[in-house]
Amino acid sequence: MRLRRVLAVFGIVVALLCTVCAGAGVWIWNIQVVDTTGEVDFTRPLAVPPLAPSRMEDGKRVFDLRAQAGTHDFGRGATPTWGFNGDLLGPTLRAARGEQVVVNVTNALDQTTTVHWHGMHLPPDMDGGPHQLVAAGKTWSPSWRIEQPAASLWYHPHLHGETAKHVYQGLAGMFLIDDPATSAAALPHEYGVDDIPVIVQDKNFDGDGKLDDAPGVFGGVGILGDTIAVNGTVGPYLQVTTQRVRLRLLNGSNARAYDFGFADGRRFALVGTDGGLLESAYETDRVMLSPGERAEIVVTVRPGERTVLRSYPPDLGTGVFGRFTGGEDTFDVLQLRAAGTLAARPEVPQRLVAVPRLARADAAQQRAFKLSGHNINGSQMDMTRVDFAPEKDTTEIWKVVNNDGQPHNFHVHDVQFQVLTRNGAAPPPQLAGWKDTVYLPPNETFELIMKFTDYADADTPYMFHCHVLFHEDAGMMGQFVVVPPGGKPGVIDHGAHLAHAGHH
Ligand code: C2O
Ligand code: CU
Ligand code: CU
């Protein structure tokens, strides 16, 4: 009798526990999906980052950036943030091909940071990666010549182990390159009027309105926010006054991928990717961007109408568990409100620019990269280890594969590359132009082709890494140096940099 009663009680307890567990499981499963369709009120005008003032000194275009702490209104009171020359994000730097630029980067934070020029072709000691520390209170003044096609690049901190935090706090901005020699003049190009930066970031807030940087359930990719800020504006609308508008989309998020399209399904012209304009405009209804990637699109509107830029669930290629990394989320991002009368704008020309193809036959070297866990080729970032050393003026093919089930992408400093093949086939139009970051669905193989020109420095490395910032910080990064023909890599003395910057 007694045994039976004990067993019965035991059974009931087990049943209750199972119900609780299953319930919790279902709940955890369900809360993974965020869908803000129709729920965003679009009551705030989209903030447009100001163009950074610049001056000419000794024939150089000089900018000033100051990283500082402040507070920003995301609609939850005064949220503590970081920004450049302001409370959040930074001004848009703009320079022309052929110009020599200087950026005075002052660190007014209470801790070390760096500022990296993502997508820029430049000498490695100007790159602003983890070796170019800017200690609190110090100013770093990199200078280089802009020598690459017109493009929408960006800048952000790159302090090893801290990049996710610094970017999430608000340190990021755009760097636009103009190329007077190319006649993309038919594309909308009046900054803030018909040519608009669209920096998309997802944020989480705690009960006090502070930024919450806790990783998502299972924490696989780090922070995934449930609130979208565009140029820092939550619930933004853009007053459109021209028949066509160019949106320079930047995925400035730590981990989230977006698949941009419009709520009404309208098509748009994809005209540019990370490193420049496409050879020909590509008409489509979707463009997917993983962290760090950019796309320039031209949207046509009719007088008086409204439409919403939306992010549809991105195809991460990660199967049913994609819901834990944002793969099933939908966000209303930005409302476009067309004025009653619109200034005419020319049609998007079919041919945009010449994009010279890098050829397989010219490749002097092939390298293979496997991304898995927080490793690339089985090892983690080591500030003093150089992984390999391409020779200046040579072309290389990098075969990159993500061979775990997590979303990863791949970013290379110094160069813009071309996707030679995706799973052995020619790349789709979205990947046919200049790229510096590419999304890697699990088990797909990408061959990237790139040429290392102009700068050789055996002692100062460039980075390659996954741009999911949590992965990057966790060590999914490596270093290469570009050496003169026949040269050998030098010794990377990070200790000296550390001492110099007063970092510990
Ligand atoms: Cu956008 Cu190495 O970074
Ligand atoms: Cu970069
Ligand atoms: Cu990754």
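In what follows, every heavy atom counts, from backbone to side chain, and hydrogens, waters and symmetry copies are set aside. Atoms within a ligand are numbered from 1 in the order they appear, just like the ligands themselves.
Phe331 and Tyr312 have their aromatic ring centers separated by at least 6.0 angstrom. The aromatic ring centres of Tyr439 and Phe410 sit 6.0 Å or more apart. His471 has its ring centre no less than 6.0 Å from the ring centre of His465. Taking the centre of each ring, His467 and His408 stay at or above the 6.0 Å mark.
Geometry about the Cu ion (ligand 2) gives an angle of 170° between NE2 of His411 and NE2 of His116, rounded in steps of 10 degrees.
Residue contact annotation: His158 places no N/O/S atom under 2.8 Å from the Cu ion (ligand 2). Inclusion of His471 in the first shell of the Cu ion (ligand 3) is supported: an N, O or S atom falls under 2.8 Å. Taking backbone and side chain together, His467 holds no N, O or S atom under 2.8 Å from the Cu ion (ligand 2).
How far CG of Leu289 is from CZ of Arg294: 9.5 Å, rounded to the nearest 0.5 Å.
Protein atoms that are N, O or S and lie under 2.8 Å from atom 1 (Cu) of ligand 1 are these: His118 ND1, His156 NE2, His467 NE2.
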Below 3.5 Å, can you tabulate the donor-acceptor pairs from side chains in residues 449-456 to any protein atom, sequence neighbours excluded?
{"residue": "Thr453", "atom": "OG1", "partner": "His121", "partner atom": "NE2", "Å": "3.3"}
{"residue": "Asp454", "atom": "OD2", "partner": "His121", "partner atom": "NE2", "Å": "2.7"}

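The heavy-atom pair separating Thr92 from Pro49 by the smallest distance is OG1-CB, 3.7 Å.
A salt bridge does not link Asp213 with Lys165: none of the charged nitrogens is closer than 4.0 Å to a carboxylate oxygen.
Its N, O or S atom nearest to the Cu ion (ligand 3) is what matters here, and for His408 that atom is ND1.
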